[in-house]
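Dumping the structure here so I can ask a few things about it.
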Amino acid sequence: VYISARVVYSRAEKEMELRKSGISCMSVIYDIIYIVDLVKNTISPVGVSEENDARRPKNMTADEQLKNLFNTEAEDESRELMLEFADLSTLPGRLEKRNTIVAEYKSKQYGWVRLRFIVMEREEGKPVEKVLLTMRRISEEKKEIDRIREQMEKESTEKLAKSSFLENVFSETQTPVRSILAYNTMIAQSTDDEQIKSYTDGIRDMGESFLGTVSSALDYSQLVAGKLKIENEEYDIYNVLNDVIQLANINIKDKKIELITEIAPNMPQKLLGDADKIRQILGSLVTKEDIFELDEKRLDNAAAVYAYYKYLCYS
């Protein structure tokens, strides 16, 4: 029995030394590491220099040591919070379903410090008995985080200012274009000359195309500013597709390409959504330059253009 006991004790002692050695390696990350025995109410230094451990009142219990630390070291605004956080009587309950808890406070001597309790030993159905107490100075880390946050806020402010400026520019641009289109309509209505009517038709089509581009840019600036609104109203998908094809035909009229649409029989004519946004998206797809440049390079006939257009719409 004696020999068996010596072997078991030797193995346990070796295991404990290995565990302490592993914990000591954590001192690369943490400035101070203690083992806190919640049953015995004691603190044992593991990864801590003699200088950092010199001020610890070793004649006190673990609970008393922590209370003394935060009563003397913590700044007034964080003292009450840290005393509550370091209450060892409630710690097992707070760690019942967690392996670690963390808090940050401002120390009078070291600046910002991060305190962490890590479960060291846990048995099924029993409260936690031992934890690691780690401390790390994080003042420089806080400064870096604050610097990054300030930079992000500055960039966000600049982006919003730029977005607001562009929104105003695009909004102001729409007014004179609409006036031009109104005058163009008056010209078309006041003449019977077919040549002039063809010119007015071209002005109308290009003006509406330009308005669509401006509207897209305005939507983007509103999206960046978080102001974009999506309508949810009934619209006619046949009318939307017809508008898109008319716009596309302006771009391909000199390329000897015929662009047609084919709508599935089971497609309902009336849909709910934002007709203007749908029109912009489909218009952007079918007016891409690479679609119409393929005719001379790789496409044999208009059927291939139709197939490519159909692929873009479905994708």
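As the structure is a computational prediction, the values presented were derived from the model and not from experiment.
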Across all chains, not counting sequence neighbours, the salt bridge (charged side-chain N to carboxylate O under 4.0 Å, His left out) partners of Arg94 are none
Leu66-Tyr110 co-clustered via ILVMFWY side chain contacts under 4.5 Å: yes
Is the backbone of Ile187 close enough, under 3.5 Å, to the side chain of Thr191 for a donor and an acceptor to pair up by distance? no
Examine Tyr105 and Ile138 and state if one hydrophobic cluster contains both, with Ile, Leu, Val, Met, Phe, Trp and Tyr joined whenever side-chain heavy atoms are less than 4.5 Å apart. no
Who passes salt bridge (charged side-chain N to carboxylate O under 4.0 Å, His left out) against Arg136, sequence neighbours left out? none
Partners meeting salt bridge (charged side-chain N to carboxylate O under 4.0 Å, His left out) with Glu140 (sequence neighbours left out): Lys143
Which residue in the set Val128, Leu91, Leu132 passes side chain to side chain contact (heavy atoms under 4.5 Å, CB included) when paired with Val119? Val128
OG1/Thr134 to CZ/Phe117 distance, rounded to the nearest 0.5 angstrom? 9.0 Å
Who passes side-chain contact (heavy atoms from CB on, under 4.5 Å) against Lys58, sequence neighbours left out? Asp53, Arg56
Side-chain (Arg79) to main-chain (Ala74) donor-acceptor, under 3.5 angstrom: yes
Show me, pair by pair, the donor-acceptor contacts under 3.5 angstrom made by side chains of residues 36-45, not counting sequence neighbours?
| unit_1 | atom_1 | unit_2 | atom_2 | d |
| --- | --- | --- | --- | --- |
| Asp37 | OD1 | Val39 | N | 2.9 |
| Asp37 | OD1 | Lys40 | N | 2.9 |
| Asn41 | OD1 | Asp63 | N | 3.2 |

In sequence, state the C-alpha distance, the side-chain angles, and the governing distance for Lys67 and Glu64, and then conclude on salt bridge (Lys or Arg N to Asp or Glu O under 4.0 Å). CA-CA 5 Å; Lys67 288 180 180 178; Glu64 291 171 341; over 6 Å; no
Would Lys197 and Glu194 pass as an ion pair if we require N to O under 4.0 Å? no
For Lys108, all residues meeting salt bridge (charged side-chain N to carboxylate O under 4.0 Å, His left out), sequence neighbours excluded: none
